[in-house]
S.K.: 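Could you have a look at this structure, given as structure tokens, before my questions?
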Amino acid sequence: MPASAHRARRRPRGAAPLLAAGAAILFATGLGPAQAGAPPAYLDPRAETDRRVEDLMARMSLEDKLGQMVQIERAAADPAAVAEHRLGSVLSAGGSGPEPNTPEAWADMYDAYQRAALDTPLGIPILYGVDAVHGHNNVHGATIFPHNIGLGAAGDPELVRRVAEATAVEVAATGIDWNFAPCVCVVRDDRWGRSYESFGETPALPSAMTTAVDGYQGARLGGGAASVMATAKHYLGDGATEDGTDRGDVRVDEEELRAVHLPPFREAVRRGVASVMVSYSSWNGVKAHADRYLITDVLKGELGFDGVVVSDFDGVGRISGGRDFTAEELTTAVNAGMDMVMLSKGHDRFVTDLAGEVAAGRVPVARIDDAVRRILTAKVDMGLFEAPFARRDLLPEVGGEEHRALAREAAAASQVLLKNDGGLLPLAPGGGPLLVAGKNADDIGNQSGGWTITWQGGSGDITEGTSILEGIRAAAPDTEVVYDRHAEDTDGPYRAAVAVVGETPYAEGYGDRPEGVVLDEEDTATLTRLAESGLPLVVVVVSGRPVDVADHIGAWDALVAAWLPGSEGAGVADVLFGAVPPTGRLPVSWPRSAEQQPVNEGDGQSPLFAPGFGLTY
Ligand code: GLC
């Protein structure tokens with residue numbers, strides 16, 4: 001089924017503006033645009049999308065068109081500026097949101113931008129984009145789902161669709177209509193700081209989990225209880241850079257690039273994904289943002305992608321190594337096939353610079369028209385002209401019980417049991433006292449990871465949810481559970497100890513670990529004390545990727561990879577106490593040591609645990 005077949009009308013999202021409402025009434029009475037005073041055809045909700053887009057484009061100046069190609073960060077342009085420059089889109093970069101950080105304040109912010117955009121001569125609504133990569137994660141109180149690597153371990157495409165569907169509801173409640181997710185990258189080196197954004201190290205899992213596109217958009221763009229544009233990212237090969245360096249160089253031949261990294265995008269396009277985001281990385285020295293072959297010939301030509309190709313944040317300005325774009329970089333990117341340019345600032349200069357490039361004949365008008373046609377098609381298909389405002393009726397579902405139950409289910413399904421000597425797990429709900437230790441036992445921020453409330457995430461009670469310790473206490477209400485973060489007093493009639501250790505939050509390059517991913521000193525000291533205590537020991541690793549544990553695991557009776565479970569830590573406890581049996585399987589190779597990195601299935605190396613490994617009860 002061609003991608004365009006997935007495009008259809010969006011379910012009404014809220015109160016329509018006066019002009020569009022008037023148009024809808026007129027058209028409903030059978031009066032078409034031919035009648036004097038009738039609103040323009042592009043506002044006719046009954047007309048075919050192509051007809052509406054062509055009618056609108058015929059009314060647009062070159063400056064109107066160029067403005068549509070800009071996606072500006074909210075901090076650089078208030079609603080008046082967005083309207084003045086006729087900008088097509090606004091985004092919230094990681095953690096960029098209103099104060100107070102509440103769902104209602106997000107809806108107010110979105111509606112203010114939308115009202116300003118509609119109050120212009122052509123009244124073209126904006127698209128507003130965010131990274132809701134594991135729930136509406138910028139918003140305090142929103143449900144935080146497991147990051148992709150945990151969902152890859154769960155291995156359930158329908159679960160991923162349900163998680164995305166719930167996320168779309170929370171996103172649409174705040175008005176946002178464009179989600180920069182799912183990341184369908186194939187992580188080939190866990191030293192990469194974005195490993196947790198990948199569903200797995202081979203194309204099979206990321207391809208299977210493109211069900212997220214259906215979850216975000218509905219069965220087609222505009223379907224579902226709430227439909228937001230999905231984004232397959234980052235095109236192409238971002239998970240295969242040398243040494244796992246974020247935004248680095250992918251040094252593979254075309255055969256490997258096509259075999260390993262292209263399949264998830266092919267599948268996302270087949271599902272009608274509305275946008276594709278280009279990667280900061282390079283392929284054999286050519287910046288993806290400048291790569292006409294990959295963007296136009298392969299993605300748009302061979303794969304038939306007819307949606308919007310969007311740059312990464314200031315990705316165009318980084319083509320030549322700086323950050324602020326030049327007219328030459330704009331020309332290179334737009335001629336390569338970039339339709340929308342994501343900017344931290346410079347929206348005003350964008351229009352004048354690109355207009356100059358068009359006037360000089362360096363960017364064909366036909367390329368501009370193709371880009372704008374794609375952008376306007378998305379806006380019409382989303383139904384934004386008819387119902388542009390936040391779905392405030394959905395606000396009660398943001399962080400609601402139903403979504404938190406789903407997040408708990410997903411967290412439990414993502415747990416991978418790697419060791420269980422003597423059947424120590426599952427723990428009995430009743431019996432003698434339990435000792436819980438480790439810095440990640442009672443820390444919602446650490447169990448959520450990066451891209452949570454802020455771009456990098458952070459430790460502590462950063463949002464609402466249940467810590468793993470709180471989950472343990474709830475699972476064993478009649479058991480004395482003692483929390484001793486560093487296990488400084490192990491003397492006691494404990495029947496077992498549970499140590500929850502691992503990584504603290506990071507995002508993108510800040511998570512690069514070129515020397516390998518190891519336990520920090522705090523965790524190592526805690527684990528050493530526990531090993532010396534002789535207590536039966538369960539270790540739970542909360543991390544965005546495998547951690548080098550080979551030298552320690554011999555002293556542990558049981559080991560669970562919890563990944564980054566999100567706000568519902570009770571899902572981890574469900575598995576520890578057997579309410580839910582462990583069913584997760586490794587989505588990536590677990591290295592025997594950092595020296596093995598990169599280690600992947602079929603590379604002839606012998607990891608500590610192979611992909612697909614996982615025990616159960
Ligand atoms: C970031 C990321 C990308 C994200 C974008 C907007 O740098 O690379 O995944 O969607 O900027 O926040």
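Remember, predicted model here, so these are calculated numbers, not experimental data. In this chain, numbering begins with 1 at the start of the sequence shown. Note that ligands are numbered from 1 as they come in the structure, with each ligand's atoms numbered from 1 the same way.
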S.K.: Should the pair R162 and F145 be classed as cation-pi, given the thresholds of under 6.0 Å to the six-membered ring centre and 45° from the axis?
M.R.: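 Verdict for F145: no cation-pi partner in R162.
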S.K.: I want to know if ligand 1 touches E197 in the polar sense, i.e. an N/O pair below 3.5 angstrom.
M.R.: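 No; the residue has no nitrogen or oxygen that sits under 3.5 Å from a nitrogen or oxygen of the ligand.
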S.K.: Please check if the distance between the ring centroids of Y235 and W283 is under 6.0 Å.
M.R.: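 No, the ring of Y235 stays outside the 6.0 Å limit from the ring of W283, centre to centre.
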S.K.: Going by salt bridge (charged side-chain N to carboxylate O under 4.0 Å, His left out), name the residues that satisfy it together with D243, two or more places apart in sequence or in a different chain.
M.R.: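 Listed in chain order: R191.
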S.K.: Report the nearest protein non-hydrogen atom to atom 3 (C) of ligand 1: residue, atom name, distance rounded to 0.1 Å.
M.R.: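 Result for atom 3 (C) of ligand 1: D312 OD1, 3.4 Å.
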S.K.: Distance under 4.0 Å to a non-hydrogen atom of M342: what atoms of ligand 1 satisfy this?
M.R.: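 Per the distance check, 6 (C).
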S.K.: At what distance is the nearest protein heavy atom to atom 10 (O) of ligand 1, and which residue and atom is it?
M.R.: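 Residue, atom and distance for the closest contact: D131 OD1, 2.5 Å.
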S.K.: Please determine whether the number of non-hydrogen atoms from other residues, nucleotides or ligands lying under 6.0 Å from atom CD of E158 exceeds 12.
M.R.: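 Result for CD/E158: enclosed.
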S.K.: Which of the atoms of ligand 1 are close to F180, meaning less than 4.0 Å from one of its heavy atoms?
M.R.: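 Atoms satisfying the 4.0 Å criterion: 10 (O).
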S.K.: To the closest 0.5 Å, what do you measure between OG1 (T211) and CZ (R271)?
M.R.: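 T211 atom OG1 to R271 atom CZ measures 5.5 Å (nearest 0.5 Å).
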S.K.: Could you identify the single nearest non-hydrogen protein atom to atom 1 (C) of ligand 1 and state the distance to 0.1 Å?
M.R.: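 Checked against all protein heavy atoms, atom 1 (C) of ligand 1 sits closest to E508 OE2, 3.2 Å.
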S.K.: Less than 6.0 angstrom separating the ring centers of F180 and Y216, yes or no?
M.R.: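 For F180 and Y216, the ring centres are not under 6.0 Å apart.
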S.K.: Does Y280 have a heavy atom less than 4.0 Å from any atom of ligand 1?
M.R.: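 The answer is yes: ligand 1 sits under 4.0 Å from a heavy atom of Y280.
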S.K.: Which of the atoms in ligand 1, numbered in the order shown and given with their element, are less than 4.0 Å from a heavy-atom of F313?
M.R.: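 Ligand 1 atoms under the 4.0 Å threshold to F313: 11 (O).
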S.K.: Considering only heavy atoms of M277, which atoms of ligand 1 have at least one such atom less than 4.0 Å away?
M.R.: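 This gives 3 (C), 10 (O) as the contact atoms.
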S.K.: H234 versus ligand 1: do any nitrogen or oxygen atoms come within less than 3.5 Å of each other?
M.R.: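 Yes, H234 has an N/O under 3.5 Å of an N/O on ligand 1.
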S.K.: Which pairs with one or both residues in residues 128-149 pass salt bridge (charged side-chain N to carboxylate O under 4.0 Å, His left out), sequence neighbours excluded?
M.R.: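 Found D131-K233.
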S.K.: May I ask you to check whether H147 and W451 place their ring centers less than 6.0 Å from one another?
M.R.: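 Distance test on ring centres: not under 6.0 Å, no.
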S.K.: Using a 4.0 Å cutoff against the non-hydrogen atoms of K233, which atoms of ligand 1 qualify?
M.R.: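 Counting from 1, the qualifying ligand atoms are 3 (C), 4 (C), 9 (O), 10 (O).
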